[in-house]
Structure formats: structure tokens, C-alpha cells
Amino acid sequence: MPAKIKPAQGSPYARVLGVGGYRPTRVVPNEEILKHIESSDEWIRSRSGIATRHWAGPDETVTEMTLHAAGKAIADAGLAPEQVDAVIISTVSHFKQTPSVATEIAHRLGTGKAAAFDISAACAGFGYGLTIAKGLVVEGSARYVLVVGVERLSDLTDLTDRSTAFLFGDGAGAVIVGPSQEPAIGPTVWGSEGDKHETITQTLPWDVYRDGGRPEKYPAIRQEGQTVFRWAVFEMAKVAQEALEVAGISAEDLDVFIPHQANMRIIDSMVKTLKLPEHVTVARDVETTGNTSAASIPLAMERLLATGQARSGDTALVIGFGAGLVYAATVVTLP
Amino acid sequence: MAATQEEIVKGLAEIVNEIAGIPEEDVQLDKSFTDDLDVDSLSMVEVVVAAEERFDVKIPDDDVKTLKTVGDAVTYIAEHQG
């Protein structure tokens with residue numbers, strides 16, 4: 001008979017305890033995008049709902065933006081950095097792959113020797129990170145987990161691609177997940193559809209440079225707009241609905257809807273397809289933030305709380321979806 | 001039972017009205033979705049998905065690009081409906 005292994009002592013449930021965000025100081029209006037593409041402010045707004053986005057300057061690196069957002073989330077949770085014992089960073093736009101961003105963040109925040117790693121799940125990265133964090137807290141391998149979505153998508157934007165040049169923004173959004181005596185994060189409905197991996201993709205792999213290639217254009221994110229729109233609106237509405245059902249929540253019970261801020265048209269169509277009641281506050285941060293991939297949900301969450309459009313204790317449906325294709329949806333109690 | 005051409009036109013007119021706010025009577029066979037009815041590429045996706053449900057037909061993205069006019073869509077639906 002094998003020796004008996006003592007399990008960790010976890011918490012019965014987990015909850016989001018604090019949130020923080022960082023938006024780069026430079027605001028980029030559509031007029032600036034129009035220097036590079038044949039389009040118009042009206043066209044960009046009608047197709048995406050985006051009026052402005054933030055683009056990071058040289059000093060607003062993935063690491064620096066993360067430190068700002070994470071510091072705010074830790075303070076919002078009423079914790080000291082040394083209480084954080086795991087750090088999960090979701091990003092697709094940090095160009096130095098080894099070591100992870102997370103280790104430097106854990107160190108510079110002053111967490112001590114927190115476990116630290118990066119994940120790659122594009123625009124579903126926040127939901128993936130949240131799910132891992134919840135598991136760690138409930139299982140007992142960590143008590144307080146920092147989850148950050150951070151992107152500098154301006155570095156992966158082809159300014160001459162008129163279908164994507166206006167879409168992307170930069171920023172960081174962070175939450176702290178910790179123990180709870182009551183359920184405050186629902187089951188996650190998540191998955192991947194790798195048969196559609198080419199529908200949103202980086203145009204070239206980095207090793208094209210190692211192999212002597214001198215491509216005309218730097219690698220950028222390209223997507224098949226109509227295909228992605230169809231999938232996002234109609235397939236993701238089903239996933240969002242399922243996340244409500246498995247959490248035992250009806251649309252009437254819901255206070256807030258925070259979908260990934262990809263495009264206002266997707267958000268509007270999802271709201272319509274889900275038949276959300278009038279009283280549900282819908283995050284529309286994309287208008288002034290653009291699509292910030294993994295950062296979009298926590299950034300929108302922070303802004304809704306900061307502006308009083310949502311309140312602590314509200315019940316929110318969050319759903320992320322993007323390149324992979326991947327998705328993750330769950331219901332959370334707002335911090 | 002398969003819908004008649006007349007029923008398909010009427011159904012499409014209702015869908016286009018619901019999604020793009022275009023009066024139903026403006027949705028005629030010779031009208032271009034983009035040029036005449038102001039249905040942009042994203043609204044077209046919504047029209048297609050609504051038409052798929054209503055007429056029990058699958059319209060893959062590659063085929064959506066070939067549907068320039070209301071007549072194109074009516075013909076496609078008539079030929080492919082279940």
C-alpha cells in the first residue's frame with residue numbers, strides 16, 4: 001500500500017478581492033490612424049465603436065504596465081505584496097519569452113518567492129488565468145493569487161491593414177483572487193477550437209528573422225473579420241448562456257455583463273442574442289480603450305467600478321474569446 | 001416544407017428590416033446589400049445567421065461573399081434549403 005499523502009488545505013471557495021488597471025498615457029484618436037489607411041472616422045466608429053485607444057510609449061513596457069495595475073489590485077484587495085503567493089500573467093505581446101514576465105513582476109512587487117508563470121490564451125487569457133487561480137486557492141497551493149492580463153498590441157499592429165489598424169490598444173488589468181466562505185466565482189465554461197487557428201493569427205513567426213528572412217513588414221495580428229464576428233457573436237453567446245446556467249444564475253439575476261472588449265458591434269449583437277434585461281450594465285470600454293486582448297475584461301471591470309456604473313458585490317458575467325480560437329466564461333461577484 | 005421564392009423574399013425583408021432598419025418594401029431582388037440597403041459586412045453576417053435559422057440552410061463564409069444582391073441570396077437559399 002502506498003504511503004498516505006497529506007493534501008493541501010484549501011479554501012471552500014474563491015473570490016475576486018481586488019482589481020486594478022493601467023492605461024498608457026498617450027491617447028490615439030482615429031484621426032491618427034487615418035494617416036496610414038484609406039478610411040474615415042465614421043467608418044471606424046460604425047464598424048468597431050472605437051473612438052480612441054491608448055498606445056504605450058517606450059517606458060510603458062509590458063512589465064511596467066503590469067507593475068502599475070498589479071500594485072493597484074493588491075491595494076484594492078487590502079493586501080501587502082508579500083501576501084501574494086502566486087503570480088499569473090497572460091500576454092501575447094511580450095517579446096522576450098524567457099524568462100517569464102511573471103518572475104520579474106513577483107520580485108519587483110515584493111512578493112518574496114511567489115510562484116510565477118506566464119500563460120498564452122490571447123483574448124481569453126483573463127478567464128483562463130482566473131480559472132487557474134480559483135483552482136489554486138480552492139486546492140490550497142496558494143492563498144492569494146495575482147492574475148494580470150497585459151498587452152502592447154500596438155507592437156503587433158500593421159498600421160497599413162485597414163481592417164485591423166484601428167482595433168488594438170495597450171494596457172494592463174489585474175485582479176487578486178483569494179479565499180472565500182461563499183461561492184463567488186462560478187464554474188468556467190471554457191475550451192478551444194483549434195480547427196479555426198488560422199482565423200486570428202500572427203502573420204509571421206519570429207524565427208523568420210533567424211532563418212535570414214527580411215520580410216517587408218514586421219509580424220502583426222491578422223484576422224478573418226466576418227468569420228470571427230460570426231463565431232464571436234453567435235457561438236460565444238451560447239457559451240455565455242451556458243456559463244449562466246452552470247452557475248445557477250438567470251439573466252434577471254445578473255447586474256453586469258463584461259464581455260471581452262473586441263468590438264462594439266460584437267458586444268451589441270451578443271447583448272441582443274442573449275436577450276439581456278435592460279437593468280444589466282454592459283461594459284463598453286472598447287470605445288476609448290480599443291481591443292486590449294487579455295487586459296480588456298479587468299480594465300473594463302475596474303472602470304465600471306471606478307465610475308459607479310457597477311458596485312462591489314454585483315453579479316457579473318465575464319466572457320473572453322479570441323485567437324486559438326479559445327474562450328472562457330464565468331460568473332463572478334465583483335470586488 | 002421548402003419556402004417559395006416569394007416567402008424567401010418576404011422573410012429576408014423582415015430580417016434586413018430587423019437588423020439594419022431598412023423598410024421591408026425596399027428589399028427587392030435587384031438591390032445590392034451593401035450599395036442599396038446599407039448592410040455592411042458585419043450586418044451581413046447577422047442577416048445570414050438569421051436566414052440560416054429561418055430557412056434551415058447553411059451558408060458558409062466563403063459563400064456569403066458571393067451574395068451581392070437580394071436576388072443572389074434568394075437563389076442560394078432556394079437551392080440549399082433543407
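Note on naming: letters A, B, ... go to the chains in the order of the sequence lines (proteins, then strands), and numbering restarts at 1 for each one. Because the structure is predicted, anything quoted here is derived from the model rather than measured.
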Item to complete: Sort and list the pairs that fulfil ring-ring contact (aromatic ring centres under 6.0 Å, His included) and have at least one residue in residues 11-48 of chain B, not counting sequence neighbours.
Response: none
Fill in: Max heavy-atom pair count under 4.5 Å with chain A, selected residue of B:Ile19, B:Val48, B:Leu42, B:Val64
B:Leu42
Kindly provide each donor-acceptor pair between chain B and chain A shorter than 3.5 Å, listing atom names and distance.
| from | atom 1 | to | atom 2 | distance (Å) |
| --- | --- | --- | --- | --- |
| B:Asp40 | OD1 | A:Arg265 | NH2 | 2.8 |
| B:Asp40 | OD2 | A:Arg47 | NE | 3.2 |
| B:Asp40 | OD2 | A:Arg265 | NH1 | 2.8 |
| B:Asp40 | OD2 | A:Arg265 | NH2 | 3.3 |
| B:Ser41 | O | A:Gln226 | NE2 | 3.1 |
| B:Ser41 | OG | A:Arg47 | NH1 | 3.3 |
| B:Ser43 | OG | A:Arg265 | NH2 | 2.9 |
| B:Glu46 | OE1 | A:Ser269 | OG | 2.9 |
| B:Glu52 | OE1 | A:Arg230 | NH2 | 2.9 |
| B:Glu52 | OE2 | A:Arg230 | NH2 | 2.5 |
| B:Ile59 | O | A:Arg230 | NH1 | 3.0 |
| B:Ile59 | O | A:Arg230 | NH2 | 3.2 |
| B:Asp61 | OD1 | A:Arg230 | NH1 | 3.4 |
| B:Asp61 | OD2 | A:Thr227 | OG1 | 3.0 |

